[in-house]
Asks: 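Quick one: the structure is below, questions incoming.
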Amino acid sequence: MMATPSSTDLAEPPSGNPLLEVSLGPQHPSTHGVFRMDVSLDGETVVRLKPVFGYLHRNHEKIAEKCTYLGSIPYTDRLDYICSLTNNWAYAMTVEKLAGLVPPERAEYLRVILSELTRLINHSALAGFLLQDMGALGTPLMYAFREREKILDLFESLTGARMMCNYMRFGGCRCDLPPGWIEQARSVVAKFPSFLEEFEALLTGNEILLARTEGVGVLPAKLAVNAGVTGPMLRASGVNYDIRKVDQYGIYGRFKFRVPLGERGDVFDRYMIRILEMHESLKILDQALREIPAGPIMDPKAKLRNLRPKPGEAYGRIEGPKGELGFYVISDGGPNPYRYRVRPPSLINLTILEDMCLGQTVADVVVILGSIDIVLGEVDR
Amino acid sequence: MHGVGIIKGMIETARNFAGSYTDPERLITVQYPEEKLPPVENARTIPFLVYDGVDAMAGLRCTACMICEKECPPQCIYIVKDQVKKPDFVGKLQVQPKVFDIDISVCMSCGICVEVCPFDAIKMDQVFELSTNDRFGGLLVDKTQLAKPNEYFVKLHKTEASEIDARREEEKQKAEAAAAAKAAAPKPTPAPAPAKPPAQAPAAATPPTPQTPAQPTAAPAPAK
Amino acid sequence: MNGLDQVFVRLCHWFAGLFPASVQPLIACIVAITAIMVVFASCFALTTIVERKVLGRMQNRFGPNRVGPWGLLQPLADGLKMLTKEDIVPYSADKTVHFLAPLALTVPIWLAFAVLPFGRNMTAVNFNSGVLFFFAVGSASELAVFMAGWSSQNKYSLIGAMRAIAQMISYEVPLVLSTVPVLMLAGSLSLNDIVAAQGTYTIGGLARWNVFTPWGLAGLLLFLIAATAESNRSPFDLPEGESEIIAGFLTEYSGFKYALFFLGEYLGLFAITGLAVTLFLGGWHAPFQWLEWVPSWLWFAAKFGALIFLFIWVRATLPRLRLDQLLNFSWRFMVPLCLINLLVAVAWYWSGAWKSVVAMPVRWLLCAALIALPYHWLGRALRSASQSPRKYIYAE
């Protein structure tokens with residue numbers, strides 16, 4: 001029962017009862033951070049929904065104008081704090097475009113490996129949290145986090161930190177692999193499919209999950225494209241747009257992988273697309289871990305301190321686990337950027353929350369929000 | 001058949017239940033503080049200052065070049081240079097810091113200060129049990145609290161430390177050899193020789209190692 | 001067999017014998033009541049910790065294990081915490097009703113334990129219409145939910161309470177209907193008679209429990225699903241778990257009153273589990289004839305424990321159902337199946353007169369088909385149109 005996306009002003013609610021105004025959040029167990037939704041209910045159906053965010057605004061873009069280019073890298077970790085390495089890569093790519101730096105082969109392979117590992121941890125966290133929101137009491141969440149821990153251990157032994165990795169530099173990567181890392185990564189990647197099977201056995205055929213997610217929160221493809229939605233949400237609605245295939249940034253052109261597309265664009269499709277994307281990431285990881293060459297990891301022209309790119313502007317974008325993550329940097333020749341802007345995929349994907357939720361019940365709003373996969377650090381910056 | 005999905009889910013949970021008694025993979029809790037995870041070589045929490053020898057203040061490698069203070073993104077390092085100089089590991093007189101404070105409540109463990117330091121003087125520590133009752137000064141650590149011996153550094157980061165030690169040893173030997181050669185050489189003219197300072201730039205220009213990126217060839221900055 | 005089996009009965013008689021003859025029945029009653037209250041209250045404490053530990057193990061972690069060995073003193077710590085919390089009553093709440101709601105939940109549930117047979121000769125009160133009494137008293141406790149929601153003067157509590165009432169009333173019907181075949185075939189409403197009717201053994205030594213018949217198996221499953229819904233447990237814990245409207249009817253309760261609600265809920269679970277054991281699993285009878293030397297109350301406890309573990313297991317695995325799906329499930333799936341189960345029970349009874357060698361497999365096949373086909377059709381009707389099998393295409 002999908003109502004047509006209506007205007008925000010409702011003169012007369014359909015059933016004649018007064019509207020019930022509920023504020024979900026900002027302190028709420030299921031809103032993925034400090035996020036508030038002002039929902040107007042007619043009985044149980046949502047008639048209007050206004051998202052209110054900004055509770056986590058930390059002035060990231062202004063701080064970047066005061067910091068040097070190098071000093072902004074740890075701050076980009078904290079944007080989408082679950083996927084710090086992809087944030088680093090997008091920013092490093094943008095500044096490399098400005099400064100004309102080219103990372104060597106080994107650095108590109110490392111970037112791809114870490115990026116795909118980040119995609120794995122993001123999608124497992126999402127699968128766990130979506131089911132947690134549906135009331136599965138933490139069991140799928142614990143299984144997903146058990147696997148995630150292994151990948152976070154890999155990150156810790158390479159970059160020094162589990163979450164705030166701060167690893168990419170302009171022109172390459174910060175430090176090289178410790179001995180034994182490739183073997184450890186290979187064993188993690190080899191054991192991951194059995195976890196995915198376990199997860200599918202636990203959940204994918206589960207009738208209750210199907211009843212809660214099928215037909216809920218349908219996003220038509222045309223509306224998704226018009227709203228600027230990117231990432232797994234867009235692909236679940238059937239639109240074939242994956243920046244790894246479109247731009248082929250880095251060395252993605254060398255890897256053979258497929259892009260799964262959904263057909264109906266409801267919550268179940270979004271969940272399944274992410275599970276299928278995890279399978280594809282494992283394929284990329286297999287290939288990259290086998291083919292990684294020896295060599296330097298930094299562009300010899302790159303300077304660590306006092307980077308002053310020539311005046312100009314650049315937009316660098318990657319296919320982050322949540323969507324298209326882009327950085328737009330304008331340089332005026334000084335050590336700090338003149339203007340620094342982040343295109344946050346979570347925020348752009350969040351703008352059609354209302355259209356997806358109209359006509360659904362309140363219990364579904366929580367599930368739909370979970371399927372969009374937002375992280376407030378990115379929405380609010 | 002309907003209900004099969006639910007049955008499969010329940011079998012999965014039962015397998016985890018039974019496995020938690022037999023398979024260590026299925027019971028992953030580390031019961032802190034009785035059990036602790038082994039430390040990882042590259043892990044980083046807050047910085048510390050390295051000193052050689054036994055006297056912390058005399059053996060401190062830091063020369064107050066202020067590079068880490070400038071590059072620190074949240075600007076949590078406060079350095080004040082001292083007027084008194086002290087000799088470094090090759091014997092040359094170097095500037096030393098009078099005050100070197102780090103506000104560890106602000107520090108975000110990024111490690112940029114370590115990357116840019118030309119003297120291997122500041123490195124990342126791995127302590128994380130840092131809480132204190134003192135809200136106002138408890139998390140501002142000063143020079144004496146930050147200084148830790150080189151042996152500690154070797155224990156934490158074995159690979160990096162052994163490389164740095166090898167390099168410093170080499171330079172020290174070179175400096176000693178040069179000093180011995182100068183002392184043994186016959187003195188041609190007494191006036192010009194002692195006036196010229198020994199022309200060795202101390203350990204700044206290092207070849208790029210696989211562990212750290214190419215360090216900038218910064219000569220030790222004279223006092224501004 | 002008799003010694004250990006009847007030890008509690010003998011203790012009760014010995015104690016009552018210390019008093020004059022006129023008050024002996026009264027004393028026996030009081031002893032039985034005290035025993036039930038002590039046993040089931042400690043069972044409640046034990047269940048809270050066992051549930052948390054089992055849930056933890058299923059989630060690859062330890063449960064609570066800091067308070068006492070294996071965390072066994074955790075209920076004590078929880079109880080202390082609940083008792084010492086401040087009891088906050090909202091200013092505009094209806095004070096009398098607010099106070100009475102937890103009592104209205106707990107007291108009728110204690111009454112329900114009076115008719116359950118815990119072992120041979122171990123029923124507190126031997127009613128002729130025990131089942132009727134049980135269901136009447138169980139339904140009386142549902143009023144407490146509404147009292148709690150209404151008296152809190154909080155629109156979210158009211159919404160939560162109304163949902164809870166809708167759920168509990170909808171699931172009363174399958175609960176009662178699924179027990180009707182048992183009553184029909186046992187021919188009596190008395191719980192002791194029902195247990196006795198399951199006391200004979202077949203040729204192989206297997207007991208004739210109701211669950212070993214097609215209608216009994218279906219009836220037990222339907223009963224257990226309805227019991228989960230009646231006790232507001234996952235996957236039907238919408239009233240207390242769906243935190244989009246805070247905590248439902250329990251929002252305005254704190255401290256000891258909250259503990260009483262908790263206690264009432266678990267006691268309701270115990271009562272219904274006890275009834276399931278009595279009606280379907282043969283009460284205090286052993287499953288095999290050669291196991292009859294084990295005391296009867298031990299068998300009851302074992303079956304009871306197994307069913308509680310099943311409830312905890314289901315809670316760990318399944319996500320929550322939405323309210324309209326929940327009500328749909330009850331009215332459009334369970335009630336028709338319960339009615340069809342009656343027909344299956346009748347078919348089983350009439351075909352019990354067949355005297356051929358292949359009678360047993362044929363009876364089973366017939367009855368299983370009678371129930372499986374409607375199960376399949378009803379299940380298919382329950383799923384909406386958007387649930388055709390999905391295909392995912394891949395772009396290169």
Side-chain angles (χ1 to χ4, degrees), chain B residues 1-46 104-105 107-111 124-135 138-139 155-157, chain C residues 50-66 70-71 217-218 221-222 224-225 228 234-236 306 309-321 325 328-329 332-334 336-337 368-369 371-384 387 389-390:
Chain B
M1 244 249 325
H2 316 287
V4 168
I6 294 183
I7 304 283
K8 276 207 293 198
M10 291 187 55
I11 293 178
E12 202 49 58
T13 337
R15 196 181 327 152
N16 271 287
F17 178 70
S20 76
Y21 288 102
T22 54
D23 186 359
E25 164 102 355
R26 302 229 182 246
L27 187 64
I28 48 177
T29 315
V30 172
Q31 304 218 58
Y32 188 84
E34 290 93 18
E35 306 169 14
K36 293 196 191 174
L37 282 173
V40 176
E41 179 167 344
N42 271 338
R44 48 185 159 91
T45 53
I46 58 167
I104 59 175
S105 65
C107 170
M108 56 176 179
S109 314
C110 62
M124 287 315 269
D125 203 350
Q126 289 177 359
V127 287
F128 50 89
E129 290 150 338
L130 294 165
S131 34
T132 152
N133 289 332
D134 176 10
R135 183 154 41 126
L139 289 176
K155 208 159 42 124
L156 280 189
H157 303 268
Chain C
V50 164
E51 170 162 34
R52 287 169 73 174
K53 287 196 80 73
V54 168
L55 270 179
R57 289 273 167 172
M58 290 185 173
Q59 294 172 0
N60 298 148
R61 57 183 175 90
F62 295 99
N65 64 354
R66 296 275 154 183
W70 295 303
L217 190 59
L221 287 172
L222 290 167
L224 285 179
I225 297 175
T228 327
S234 213
F236 302 107
F309 180 75
L310 184 70
F311 281 126
I312 299 177
W313 188 6
V314 165
R315 181 179 186 205
T317 315
L318 298 177
R320 207 177 277 137
L321 275 177
Q325 293 166 344
N328 256 349
F329 185 67
R332 287 165 58 173
F333 184 83
M334 290 189 65
L337 269 186
I371 196 135
L373 288 170
Y375 173 77
H376 177 72
W377 291 326
L378 284 169
R380 238 202 341 214
L382 206 55
R383 298 183 71 171
S384 55
Q387 292 171 1
R390 307 264 174 135

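Here is the naming used below: chain letters follow the sequence lines, and residue numbers restart at 1 for every chain. Small disclaimer: the values here were computed from a predicted structure and weren't measured.
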Asks: Answer yes or no: is there a side-chain heavy-atom contact under 4.5 Å between C:L378 and C:R332?
Replies: no

Asks: Given side chains that start at C-beta, do those of B:Y32 and B:L37 come closer than 4.5 Å, heavy atoms only?
Replies: no

Asks: Answer with side chain, backbone, both or neither: which region of C:F333 has an atom nearer than 4.5 Å to a non-hydrogen atom of chain B?
Replies: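 For C:F333, no heavy atom lies under 4.5 Å from chain B.
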
Asks: Chain B: which of C:G56, C:A316, C:G379 shares the most heavy-atom pairs with it under 4.5 Å?
Replies: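 If we count pairs closer than 4.5 Å to chain B, C:G379 comes out on top.
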
Asks: Step through the shown structure and confirm whether more than 12 heavy atoms of other residues, nucleotides or ligands are within 6.0 Å of CZ on B:R135.
Replies: no

Asks: Relative to chain C, which segment of B:A14 carries a heavy atom at a distance below 4.5 Å: side chain, backbone, both, or neither?
Replies: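 Both parts, heavy atoms under 4.5 Å.
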
Asks: I want to check something: taking the side chain as every heavy atom from C-beta on, are C:R66 and B:Q31 in contact at a cut-off of under 4.5 Å?
Replies: yes

